[in-house]
Amino acid sequence: MNIELIIKDQVAVAINSLYGQQVDPAQVQVQLTRSEFEGDQTVMVFPFLRTSKKSPEVTGQEIGEYLVANVTEVSKFNVVKGFLNLVIDNTFWIDRLNEAIPDDRFGFIPETDQSELVMIEYSSPNTNKPLHLGHIRNNLLGFSLAEVMKANGYKVVKTNIVNDRGVHICKSMVAWLKFGNGETPETNGKKGDHLVGEYYVKFDQLYKSEIAELMADGRTEEQAKEEAPCIVEIREMLIKWEANDPEVRQLWRTMNGWVYAGFDETYKTLGVDFDKIYYESDTYTIGRDEVLRGVKEGIFQQESDGSVWANLEKEGLDKKILLRSDGTSVYITQDIGTAQLRYRDYPIDHMIYVVGNEQIYHFQVLSLLLDKLGYKWGSDLYHFSYGMVELPNGRMKSREGTVVDADDLVAGMIDVARSVSMELGKLEGYSEAEKEHIYHIVALGALKYFILKVDPKKTMTFNPEESIDFNGNTGPFIQYTYARIQSILRKAKETAIAIPLKAETTSLNDKERSLLKIISLFPEVVKEAGKGHSPAVVANYVYDLVKEFNSFYHDYSILNEPDLSIRDFRLVVAQTVGKIIKNGFSLLGIEVPERM
RNA sequence: GGCCCGGUAGCUCAAUGGAUAGAGCAACAGCCUUCUAAGCUGUAGGUUCUUGGUUCGAUCCCAAGCCGGGUCACCA
């Protein structure tokens with residue numbers, strides 16, 4: 001039972017009884033009492049002054065007296081200016097704890113047959129280069145959002161649309177044919193996505209030098225960009241690819257295969273996965289057919305050169321091209337086809353696209369186009385748009401070589417985790433494999449928490465030198481607290497102290513009270529994170545919980561507490577805090593170690 | 001230029017329209033014979049970009065401006 005709702009209801013009853021006025025309980029403003037005042041919940045008195053026709057102090061006093069007399073949960077009150085601070089009885093908080101103790105999935109809403117199905121698209125890489133820091137934010141947000149939605153009782157299908165065809169992959173292919181000498185990931189030991197990425201860079205260098213040559217010969221920049229021999233080759237290759245030329249297709253499959261092997265490794269390291277993967281090469285023709293149907297039905301317009309356009313000026317947007325004059329499809333055509341295929345495959349109730357905020361316009365257009373084509377899910381699609389990850393000097397630029405590679409970043413964090421851990425030397429008795437596992441958990445905890453604690457909508461800054469921190473408001477700090485709790489629970493077990501199944505106490509010290517209050521908030525936090533599509537809400541909550549626990553841990557002994565009933569109570573509180581850390585972090589896709 | 005997003009401590013980030021705007025990092029001062037010091041406690045650090053407006057009350061809502069970013073491709 002939610003204390004806020006109880007108070008809202010009872011305040012409405014109090015107003016009605018005291019002043020004879022009907023008040024909607026939803027309109028009663030209640031918030032957590034600030035720590036410098038006595039109390040747990042604070043009611044805003046200001047809105048009721050018109051009905052009470054009395055001063056804020058008197059009104060608060062009267063409502064407070066009514067609540068203490070008539071509501072068992074409210075044991076005391078005080079009024080400061082227009083704020084009515086209510087002290088909630090200890091038994092209420094202990095009851096909440098006792099609800100949490102036996103429930104392994106405390107705060108999570110279970111899935112039922114009636115649960116709605118939400119499909120979450122995330123990651124969606126191009127296959128011409130390895131993943132970087134920007135992809136990491138996407139992947140972590142997508143995975144976490146899926147966990148949050150599951151915890152809110154939804155069925156979730158995680159999906160990935162791989163952009164496996166087009167100009168970008170052809171560039172790597174052409175460069176590999178020119179300079180590759182047949183090298184493969186097997187022959188040189190490189191990760192496949194990195195190898196293909198190198199050829200993408202080589203193509204770009206070649207292209208630039210050819211443009212420079214042509215311009216030196218007197219062409220304009222525009223002409224040079226059109227006529228460069230290597231770009232002509234790309235165009236020819238694309239046409240061959242579309243015509244199913246066996247050699248081009250074979251090379252395309254081979255090089256994409258290298259990339260997939262590399263991506264799989266990165267995904268595995270990051271701990272993200274997918275239930276269903278779609279490939280643009282399978283969906284873009286469906287999209288083209290859909291657009292042509294739209295032309296036939298008069299929804300879209302075909303120009304004399306053959307290109308197809310949607311006019312969205314009525315909706316306040318521009319004209320948007322859907323098919324090029326040569327009949328080939330563009331980016332958005334593929335999204336139309338993919339949507340079609342997905343809704344054929346799954347009974348989707350909600351579709352969420354996890355894609356950066358630079359594509360807000362794109363998804364507005366997609367939503368309108370799907371709507372025009374007659375799909376009810378067009379207007380319902382939700383673009384979960386997140387901000388960019390910037391470096392201290394601004395945006396990552398591949399041309400300037402400032403892109404932070406995902407694999408390098410993770411490897412670097414694991415190195416730091418290893419050296420920090422070895423310095424502290426708390427893992428004696430663990431095998432090398434077990435130690436490496438801990439380093440991995442801690443390193444990824446640091447990275448994931450760093451990224452997920454920030455409001456997804458906001459542009460965030462990542463400083464490779466400074467952002468790898470393991471102290472303070474970080475993942476490892478929270479993991480460390482979990483490990484501490486597990487250490488206590490292990491010791492209890494060793495000394496045959498049974499952890500009670502129920503909290504049996506009536507008195508609470510300040511820190512215990514604070515802890516129980518925070519524990520009781522977890523279910524609301526999970527809901528809020530779901531409603532707001534925000535893993536950050538969970539991250540910030542877990543941090544608050546852990547800070548409070550550490551303060552309690554510092555001030556009071558658990559196992560050495562002489563009063564056995566208090567000792568047992570503290571043990572079960574610690575165990576519950578550990579459980580919430582673990583469950584909360586699972587929503588972020590972060591593991592917790594038993595020791596560190 | 002049109003549209004969209006953001007601007008909070010030196011830095012990275014919090015704050016359902018509420019009380020004296022909070023954390024961490026960095027700086028400084030303390031706390032390990034005691035359940036893990038990756039911890040705890042304290043000091044210092046603010047014109048919440050500016051100016052108006054709405055409100056009993058504005059970091060939050062509205063308007064204008066300033067600054068930064070994004071986007072408006074027969075790229076993806």
Side-chain angles (χ1 to χ4, degrees), chain A residues 4 29-34 36-37 42 44 46-47 49-50 56 80-83 85 124 126 128 163 166-168 280 303 305-309 316-318 320-332 334-335 356-362 364-365 385 387-388 390 392 394-395 417 420-421 423-424 426 442 446 450 453-455 457-463 466-467 469-481 483-492 528 532 536 539-540 543-544 546-547 550-561 567 570-571 574 595-596:
Chain A
E4 207 177 300
Q29 293 180 54
V30 180
Q31 63 187 223
L32 299 179
T33 304
R34 295 181 66 102
E36 59 264 39
F37 301 100
T42 295
M44 297 300 148
F46 301 105
L49 300 185
R50 250 177 229 140
V80 181
K81 290 188 260 176
F83 302 91
N85 300 319
S124 307
N126 289 352
N128 60 325
N163 301 308
V167 175
H168 52 88
E280 188 189 348
E303 297 291 314
D305 65 359
S307 59
V308 175
W309 297 77
L317 305 177
D318 309 343
K320 187 80 191 171
I321 189 154
L322 303 179
L323 289 178
R324 298 190 187 98
S325 48
D326 63 5
T328 58
S329 54
V330 296
Y331 181 45
I332 202 153
Q334 168 260 118
D335 267 333
N357 63 9
E358 74 273 17
Q359 294 196 36
I360 288 175
Y361 181 73
H362 172 81
Q364 280 175 357
V365 171
S385 83
M388 295 200 163
E390 290 187 344
R395 198 177 170 176
V420 170
S421 182
E423 207 172 300
L424 294 169
K426 293 180 184 175
V442 171
F450 181 85
K453 76 173 179 185
V454 180
D455 181 344
K457 291 194 292 286
K458 288 192 158 179
T459 303
M460 65 178 290
T461 305
F462 185 90
N463 185 334
E466 291 171 13
S467 297
D469 206 338
F470 292 76
N471 301 316
N473 187 358
T474 66
F477 162 66
I478 291 163
Q479 291 171 319
Y480 172 75
T481 305
R484 265 179 159 179
I485 291 170
Q486 299 319 302
S487 170
I488 293 172
L489 297 177
R490 273 195 305 274
K491 284 223 163 82
E528 206 185 310
N540 291 325
Y543 177 66
D544 289 341
V546 161
K547 250 196 103 50
N550 277 327
S551 174
F552 161 75
Y553 175 93
H554 180 265
D555 289 359
Y556 300 98
S557 185
I558 297 173
L559 288 173
N560 298 327
E561 166 60 40
R567 180 198 67 186
R570 287 178 185 167
L571 263 173
R595 281 175 60 182
M596 68 183 272

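All of these numbers come straight from a predicted model, not from anything done at the bench. In what follows, chains carry the letters A, B, and so on, assigned in the order in which the sequence lines appear, proteins first and then strands, with residues in each chain numbered from 1.
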**Asked** Pick the nucleotide of RNA chain B nearest each of A:A536 and A:S557; which residue has the one closer to the 5' end?
**Response** A:A536
**Item:** Nearest-nucleotide 5' precedence on RNA chain B, A:Q359 against A:F470
**Value:**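 With A:Q359 and A:F470 compared, the 5'-side residue is A:F470.
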By the 4.0 Å heavy-atom rule, please label [X] as base, sugar-phosphate, or nothing.
| X | value |
| --- | --- |
| A:S487 | base |
| A:D305 | base |
| A:F477 | sugar-phosphate |
| A:Q29 | base |
| A:S551 | sugar-phosphate |
| A:R395 | sugar-phosphate |
| A:M460 | sugar-phosphate |
| A:V30 | base |
| A:T328 | nothing |
| A:F552 | nothing |
| A:V167 | nothing |
| A:D335 | nothing |
| A:Q364 | nothing |

Please confirm whether the shortest side-chain N or O distance from [X] to OP1 or OP2 of [N] is below 4.0 Å.
| X | N | result |
| --- | --- | --- |
| A:Q31 | B:U16 | no |
| A:R484 | B:C40 | no |
| A:K491 | B:U36 | yes |
| A:K320 | B:C74 | no |
| A:R490 | B:C35 | no |

[N] versus [M] - spacing of their [atom1] atoms, nearest Å:
| N | M | atom1 | value |
| --- | --- | --- | --- |
| B:G42 | B:A23 | P | 9 Å |
| B:G17 | B:G6 | P | 14 Å |
| B:G7 | B:C60 | P | 11 Å |
| B:U43 | B:U33 | P | 25 Å |
| B:C11 | B:G18 | P | 27 Å |
| B:C61 | B:U54 | C1' | 8 Å |
| B:A9 | B:U48 | P | 10 Å |
| B:U8 | B:C40 | P | 27 Å |

Nucleotide paired to [N] in any strand shown, Watson-Crick or G-U, under 3.5 Å:
| N | value |
| --- | --- |
| B:U33 | none |
| B:C60 | none |
| B:G22 | B:C13 |
| B:G68 | B:C5 |
| B:C28 | B:G42 |

**Item:** Working for ring pair (Phe, Tyr, Trp, His ring centres under 6.0 Å), residues A:F470 and A:Y480
**Value:** CA-CA 10 Å; A:F470 292 76; A:Y480 172 75; over 10 Å; no
Measuring from the side chain of [X] (C-beta onward, heavy atoms only), which nucleotide among [options] has the closest atom?
| X | options | answer |
| --- | --- | --- |
| A:D455 | B:A14, B:U12, B:U36 | B:A14 |
| A:H168 | B:C13, B:C72, B:A76 | B:A76 |
| A:F83 | B:G18, B:A14, B:A76 | B:G18 |
| A:R324 | B:A73, B:A76, B:G6 | B:A76 |
| A:E390 | B:G69, B:C35, B:U36 | B:G69 |
| A:S325 | B:C74, B:A76, B:C35 | B:C74 |

Less than 3.5 Å apart, any donor N or O on the side chain of [X] or [Y] sitting next to an acceptor on the other?
| X | Y | answer |
| --- | --- | --- |
| A:T474 | A:D469 | no |
| A:N560 | A:R567 | no |
| A:E280 | A:Y331 | no |
| A:H362 | A:D335 | yes |

**Asked** Which glycosidic conformation, syn or anti, is assigned to B:C32 if syn requires a torsion within 90° of zero?
**Response** syn
**Asked** Listed by chain and number, what are the ring pair (Phe, Tyr, Trp, His ring centres under 6.0 Å) partners of A:Y556, not counting sequence neighbours?
**Response**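 A:Y556 satisfies ring pair (Phe, Tyr, Trp, His ring centres under 6.0 Å) with A:F552 once adjacent residues are dropped.
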**Request:** State which residues pass side chain to side chain donor-acceptor pair (under 3.5 Å) with A:S124; sequence neighbours excluded, sorted by chain then number.
**Result:**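 Result, side chain to side chain donor-acceptor pair (under 3.5 Å) vs A:S124: A:E121.
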**Item:** Short side-chain to backbone donor-acceptor contact, A:R324 and A:S307, under 3.5 Å
**Value:**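 A pair under 3.5 Å: no.
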**Message:** Determine whether a donor-acceptor pair (N or O, by modelled atom type, separation under 3.5 Å) exists between the side chain of A:R595 and the backbone of A:S487.
**Reply:**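 Looks like no, no N/O pair under 3.5 Å.
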**Message:** Determine whether a donor-acceptor pair (one donor, one acceptor, N or O, separation below 3.5 Å) exists between the side chain of A:N85 and the base of B:A19.
**Reply:**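 Such a pair is found, so the answer is yes.
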**Asked** Between A:L317 and A:Q364, which heavy-atom pair has the shortest distance, and what is it?
**Response** CD2-OE1, 3.7 Å
**Request:** Would you please determine if the base of B:G57 is stacked by A:F46, with stacking meaning a centroid separation under 5.5 angstrom and planes under 30 degrees?
**Result:** no
**Prompt:** Considering only heavy atoms from C-beta outward, does the side chain of A:Y543 approach that of A:F477 to under 4.5 Å?
**Reply:** yes
Pairs under 3.5 Å (N/O, protein and nucleotides 20-28 of chain B):
from	atom 1	to	atom 2	distance (Å)
B:G22	OP1	A:R34	NH2	3.0
B:A23	O2'	A:Y543	OH	2.6
B:G24	OP1	A:K547	NZ	3.3
B:G24	O2'	A:N473	N	3.1

